[in-house]
Amino acid sequence: MKRPPFHPRVEQKWQERWEREDAFRTPDLPDGPRYYCLEMLPYPSGRIHMGHVRNYSIGDVVARFHRRRGYSVMHPIGWDALGLPAENAALAHGVHPAEWTKDNIAHMQRQLRRLGLSYDWDREFATCDPSYYRWNQWFFLRMRERGLVYRANRAVNWCPGCETVLANEQVEAGRCWRCESEVVSRELPQWFFRITEYADELLDAMEGMTGWPRKVLLLQRNWIGKSEGAEVRFRIPSLGDDGEIPVFTTRVDTIYGATALVLAPGHPAAARMAEGNDEVREYIARALAVTAAPPGAPAEKTGVRTGVPAVNPFTGEEIPVFVADYVLMDYGSGAVMCVPAHDERDHEFAVRYDIPIRRVVIPNDREAAPKGGAFTDYGTVVDSGDFSGLPTEEAKEAMARHAAESDFGGPRTEWRFHDWGVSRQRYWGTPIPMVHCDSCGVVPVPDADLPVELPRDVEITGKGGAALEKCEAWIRVDCPACGASARRETDTMDTFVDSSWYFYRYLDPTNAEAPFDPERARAWFPIDLYIGGVEHAILHLIYCRFWTRVMRDLGLCDHDEPVIRQLSQGMVIKDGAKMSKSKGNVVDPDAAVEEHGADAIRLYVLFEAPPEKEMDWTDARLAGPARFLKRLERVIPGEAPWLPETGLPAGDDAFTAGDVALRRKTHQTIRRVSRDLGERIHPNTAIAAVMELWNAALARLPQAGSGPARRAVREAVETVVSLLNPMAPHLTEELWERLGHQTPLLDSPWPECDEELAREESVLIVAQVNGKLRGRIEAPRGLGRDELIALGRANRGVARHLEGLEVFRVVTVPDRLVNFVARKPRDG
RNA sequence: GCGGAAGUGGCGGAACUGGCAGACGCGCCGGAUUUAGGAUCCGGUGGGGCGACCCGUGGGGGUUCGAGUCCCCCCUUUCGCACCA
C-alpha cells in the first residue's frame, strides 16, 4: 500500500500562490545588480523528458539563489517551435504543424509549471509566432544589405521517389526514410550567411572566454579549423587557360618532394580531363556516386592516372596528374600536391599507384619515427634548391614569400568551416523574405511588408516538392521593385536562426518596432549563465556568438560575446544508456512527480551528480533525498513543537560548548552552500552540506531544553530550510511558514555567514612521522612552530614511532600539521 | 588514426591552493518499535589482523618531509573529429 505523500497539497498551494502573486515577474530594466540566468529553450516535442528536468532544475537553483541574494534575476523560457518534427506529425496524423505545436506547448508548459520553476511566464514566446520570426526576416534583410547574405548553388538530398528534398535526418543509410528510394544529390541555389567573415574574431575571442568549459571551446576551435599555409598554383599545360590549378598546403616546405598533382573527383579540371578519356570519366562517375562515406576507418584510397602532366612552379618539373577520392572538393581548392615522403595519405596513395617517393626533409634528431612510411615531423629541408638547409619553419616562410614574388601563389589561410547555409526546402520554418521577379531578379521584401507569414492552408504530403511550392496563391506576389507579377522565395530558414538570438527577445517580447530595445540589452547582457547540453557546443553556440556580433555591427548591442559563463550539463541516462523509447528505459517526469513530488525529483537530480557530469537515473537512489524531505516535514515542528515560538540567538545568551559548536556549523554551512551555489554551481555538494547541518541539529534536539540551546537549534533548523529553498522551493516555503514567518522565503534575504561565529577556535593538528599519520591533536588556533613541535613530541603515537630514531628535520604547517622527519642514527 | 575528458568502497559521489582519503546519500549488517512494512528510530559499514599495526585513490616509475592531487610511461573507459592536405 502506498502511503500518501505530503507534497500534493503543499506544492499546489505554493504554485498557486506564486501564480496569483505573479511572483517571478522581472522588471524590464534591472532594479539593482542584475543576473541573467538562461537555459536552452526546449523544442515542443510533446512531453518533457528527464534531461529537461535536470537542465531546468539546475537553472532554477541558480536563479532562485541569486534572487534571494538581492539580484534582479532574468529567468525566462520559450519554445523553439519551428522544425521538422511538426511536419512529420502532420504527415503521420494529418494534424497541422501549428496545431500540433500549440498543443505540445500547452502540455509541456503545464509540466514545467508543475516542477515549480521560477520563470517569468510573461516573457514566454514561441519562435513560430509571426511576431517573432518577422525579426528573423528583418535580420536577414539587414544582413543582406551588409553583404552578409548571398545565394549560391549547393547540393541537397533529393528523393526521386517522393520528388522532394530531404533533410539529413530523413536519409537513412542513403535511402529515403519514407519510400526507401536511393537518395541522390542535386544542386539548388540556396541562401548563405557569411559567417566566415567573422571567423578570425570568433576564434580569437575564445582566449577571453574563461567562463566557458574548455571542452566546448576546443570543439569550437576544431570546428572552425583555422589552418595557415600557402597556396601554390600548378599548371596543367594541356588545359590551356584553365590549366592553372591552385593547391593549398600547410607544408609548402616539402614542395620539392611533390611527385604528383591530385584532383578531387568533383574538380572542374578533372571533368575537363575526362573528355576523351573513358577511364578517367568512368572513375569520376563512380567516385561521385558514392553518397556519404560511412563512419569508421577511412576507406582505401582509389584514384586514376590522367596521363596528363602538370608543372611544379618551384622546380619547373613535370609531374603526373591524378584524380583520387581522398582529395575533398570542399576543402582548400579541391586539389593537392602529393608528397609521399612527408604525408601519410600521399604515401599510401603513392605506394599503390607507383608514384616516386622523394625525401626532402630530414629529421633533426635520429629518433624521429616515420608515420605510415612518411616523415611528417619538422626537420631540415634538403635537395630543395636554394632552400636546402633551412629548418622547416623558415623554409615555409621563405617558400611562401618566393611564391608570392614569382606570382604563382603566396601565404594563405584555410578554414574548415564554411558559410552557414540557411535555406531549407521545408514548410515549418521562417519564410525567406525575398521575391523573384523576371525583370528585376531577386528582390527583398520591403520592411513594411514584414512579416512574410506562412500560409495556413497548406497540404503536407512529403511528396512532389516542398509544401510551400504548392501554395500558388501565397507564392504569387507583385514585385516590390517594378510591380510586375513575381514569385516568392519558397525556401525557409534553418531553425538554428531562430535560436541564435531568442534570448534577446525575452527582454522585449512584444516589441513591434524592433527586435528589442537596445537599452534593455545593454542593461541585461551578457547572459551571466547559459545552461544546456554539450550537443549544442558547436552549431548553436557558435551561431549565437556570430549573431551577437552581427547585431553589434548593426548597433543593437555593444558587447561582443552574448554569454559570460556556459554550463554544459551532462546527459540523464538509465542503466548505462541514453533514455529512449526504443530501449524502453524512459522515466516519465509526470509519473515521478506524481509519486514523489516535484521537490523530491528536483533534489534527487541535483544531488545525484555534479551538473556537468552525466547522471544515471536509479529509482532506488531517489529514496535518500525523498526521505530527507519527509524527515524535515515531520520534525518541523512536530517533534520540536517549541520551534515556532523560539527566537534566534540573542547577544546575551549563555551558550554551552555544544551550542557554540552547532552555531559554528550553521555559519560554516552558510558559507559553504553560498559558494557551492554561487561560484561553483555544484548543488550536489550544497545539498550534502545542508544534510550535514540537519544531522547536527537533529542530534542537538534532545538536549535543547534551555532557552539558549533552543535558540541555537532554531537558528540551525531555520538555516537548513532557508539554504535548501533554491533546490526544494515548495516544502521549504511551507516549513518557513510553519516556523512562524510572514514573509515567504522567496522574498527573504539569503542568510549571511557570520565569520566570527564560523571560525574554528581549536584546530586539528595532524602529527606525522616521516609523512605517516601517527597522531591527531586538538589544539588552539594560531600556535607557533615551537609549540607545534612540543605538542607533537608529546603525542603518544608520535613518541612511539620516534623511538630509536634521530629527528633531523621538522616540517610544520600552521594550524594544520607537524611532521617529524627522522632516521636511524648512524653507528659510531 | 588524431584530439579531449575520466579511472577513488558493493554503488552515486566528497576531498578549496599537495597536508586526517572515502563528506553526503544509496545499499548492506545488527538492534529497537511494530500484527505487518517499500514506515520510523539507534548503532555499524574500504580491505587485512585478536592486537599494537599493516595495506589501500587503474598499473609502473619519479618529484617531495608528505601525492587521489604535480611530472613521465603504460592500461582501460568514454566523448568529439574522421582522408581538412
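First the proteins, then the strands, lettered A, B, ... as listed; each starts at 1.
Straight-line distance from the CZ atom of Arg680(A) to the P atom of C16(B): 8 Å, rounded to whole Å. Nucleotide A85(B) holds its C1' atom 8 Å from the CE atom of Met337(A), rounded to whole Å. Straight-line distance from the CZ atom of Arg809(A) to the P atom of G66(B): 9 Å, rounded to whole Å. Between the CZ atom of Arg675(A) and the P atom of A15(B) there is a distance of 8 Å, rounded to whole Å. With rounding to whole Å, Leu219(A) atom CG is found 9 Å from C81(B) atom C1'. What separates CD1 of Ile538(A) from C1' of A82(B) is a distance of 13 Å, to the nearest Å. Remark: P of G66(B) and CZ of Arg823(A) are 13 Å apart, rounded to the nearest angstrom. Atom CE in Met329(A) sits about 16 Å away from atom P in C83(B), given to the nearest Å.
Contact check on Glu608(A) versus Arg621(A) returns a salt bridge, with a Lys/Arg side-chain nitrogen under 4.0 Å from an Asp/Glu carboxylate oxygen. Of the charged side-chain nitrogens involved, none lies within less than 4.0 Å of a carboxylate oxygen, so that Arg416(A) and Glu414(A) do not count as a salt-bridged pair. Taking the charged nitrogens against the carboxylate oxygens, Asp575(A) and Lys583(A) have no contact shorter than 4.0 Å, which rules out a salt bridge. Ion pair Arg412(A)/Glu228(A) not flagged as a salt bridge, since none of the NZ, NE, NH1 or NH2 atoms sits closer than 4.0 Å to an Asp/Glu carboxylate oxygen. Under 4.0 Å is where a charged nitrogen must lie from a carboxylate oxygen, and between Glu692(A) and Arg672(A) at least one such pair does. One finds a salt bridge joining Glu755(A) and Arg671(A) here, because a Lys/Arg side-chain nitrogen approaches an Asp/Glu carboxylate oxygen to under 4.0 Å.
Under the 6.0 Å distance and 45° angle rule, Arg809(A) does not count as a cation-pi partner of Phe820(A).
Within 4.0 Å of Arg800(A), counting heavy atoms only, lie sugar-phosphate atoms of the nucleic acid but no base atom. When heavy atoms are screened at a 4.0 angstrom cut-off, Leu218(A) is found touching the sugar-phosphate backbone but no base atom. Note on Val534(A): nothing from the nucleic acid sits closer than 4.0 angstrom, heavy atoms only. Residue contacts shown for Asp346(A) are absent, as no nucleic acid heavy atom lies under 4.0 Å away. Residue contacts shown for Arg774(A) are limited to sugar-phosphate atoms, with no base heavy atom under 4.0 Å away. Nucleic acid contact class of Asn695(A) (heavy atoms, under 4.0 Å, all strands): sugar-phosphate only.
Screening Gln768(A), Arg774(A), Arg796(A), Lys772(A) for a side chain to side chain contact (heavy atoms under 4.5 Å, CB included) involving His801(A) leaves a single residue, Arg774(A).
The pairing partner recorded for G7(B) is C75(B), the criterion being a Watson-Crick or G-U wobble arrangement whose two distances lie under 3.5 angstrom. Using N1 to N3 plus N6-O4 or O6-N4 for Watson-Crick, or N1-O2 and O6-N3 for G-U wobble, each under 3.5 Å, A67(B) pairs with nothing. When both pairing distances are held under 3.5 Å, G51(B) makes no Watson-Crick or G-U pair with any nucleotide shown. U33(B) is unpaired under the criterion used here, namely a Watson-Crick or G-U wobble arrangement in which both key atom distances are under 3.5 Å. In this entry G38(B) has no Watson-Crick or G-U wobble partner, no candidate having both defining distances under 3.5 Å. In a base pair of the Watson-Crick type (N1 to N3 plus N6-O4 or O6-N4) or a G-U wobble (N1-O2 and O6-N3), with each distance short of 3.5 Å, A15(B) is matched with no nucleotide. Across all strands shown, C28(B) forms a Watson-Crick or G-U wobble pair with G44(B), both key distances being under 3.5 Å. Across all strands shown, G1(B) forms a Watson-Crick or G-U wobble pair with C81(B), both key distances being under 3.5 Å.
At the phosphate of G38(B), neither OP1 nor OP2 sits under 4.0 Å from any side-chain N or O atom of Arg627(A). Lys630(A) has no side-chain polar atom (N or O) that falls below the 4.0 Å cut-off from OP1 or OP2 of A39(B). When the side-chain nitrogen and oxygen atoms of Thr618(A) are compared with OP1 and OP2 of C26(B), none of them lie within a distance under 4.0 Å. At G4(B), none of the side-chain N or O atoms of Asn222(A) fall inside 4.0 Å of OP1 or OP2 (strictly under the cut-off). Regarding contacts with the backbone of C81(B), every side-chain N or O of Arg416(A) stays at 4.0 angstrom or more from both OP1 and OP2.
Rounded to whole Å, the C1' atom of C71(B) lies 32 Å from the corresponding atom of A82(B). On the P atoms, C42(B) is 23 Å away from G47(B), given to the nearest whole Å. Comparing the C1' positions of U78(B) and G27(B) gives an interatomic distance of 26 Å, to the nearest angstrom. Taking the C1' atoms as reference points, U76(B) lies 10 Å from G59(B), given to the whole Å. Straight-line distance between the C1' atoms of G58(B) and U8(B): roughly 10 Å, to the nearest whole Å. Going from the P atom of C75(B) to that of G30(B) covers 45 Å, rounded to whole Å. If you take atom P in G68(B) and the same atom in C55(B), they sit 13 Å apart, rounded to whole Å. For the C1' atoms, the distance from G13(B) to A21(B) is 13 Å, rounded to whole Å.
If you check C20(B), A14(B), C65(B) against the side chain of Arg776(A), the one that comes closest is C20(B). The Arg672(A) side chain lies nearest to A14(B) when the options are C20(B), A14(B), C16(B). The nucleotide whose nearest atom lies closest to any side-chain atom of Arg621(A) is, among C65(B), C24(B), C26(B), C26(B). Taking only side-chain atoms of Asp325(A), from C-beta outward, the nucleotide of C83(B), C53(B), C26(B) with the closest atom is C83(B). Between C11(B), C83(B), A85(B), one nucleotide has an atom nearer to the side chain of Asp343(A) than all others, and that is A85(B). Set against G12(B), G19(B), A14(B), the side chain of Asn819(A) has G19(B) as its closest nucleotide. Taking every side-chain heavy atom of Val336(A) into account, A85(B) is the closest of C83(B), U40(B), A85(B). Taking the side chain of Tyr326(A) as heavy atoms from C-beta on, and the options G19(B), C83(B), C41(B), the nearest nucleotide is C83(B). You'll find that the side chain of Met691(A) is closest to G25(B), out of G4(B), G38(B), G25(B). Nearest nucleotide to the side chain of Val813(A), out of C26(B), G19(B), C41(B): G19(B).
Checked by atom type, the side-chain pair Arg759(A)/Gln668(A) shows no donor-acceptor distance below 3.5 Å.
Between Tyr543(A) and Trp420(A), the angle of the ring planes stays under 30°, which puts this pair in the parallel group of the 30/60° scheme.
Each of Leu328(A) and Leu698(A) was matched to the nucleotide of RNA chain B holding its nearest heavy atom; the match closer to the 5' end belongs to Leu698(A). Residues Val327(A) and Val766(A) both approach RNA chain B. Their nearest nucleotides, taken by heavy-atom distance, put Val766(A) toward the 5′ side.
Side-chain N/O atoms of Gln768(A) and base N/O atoms of G19(B) include a donor-acceptor pair closer than 3.5 Å.
The glycosidic torsion of G9(B) lies within 90° of 0, which places this base in the syn conformation.
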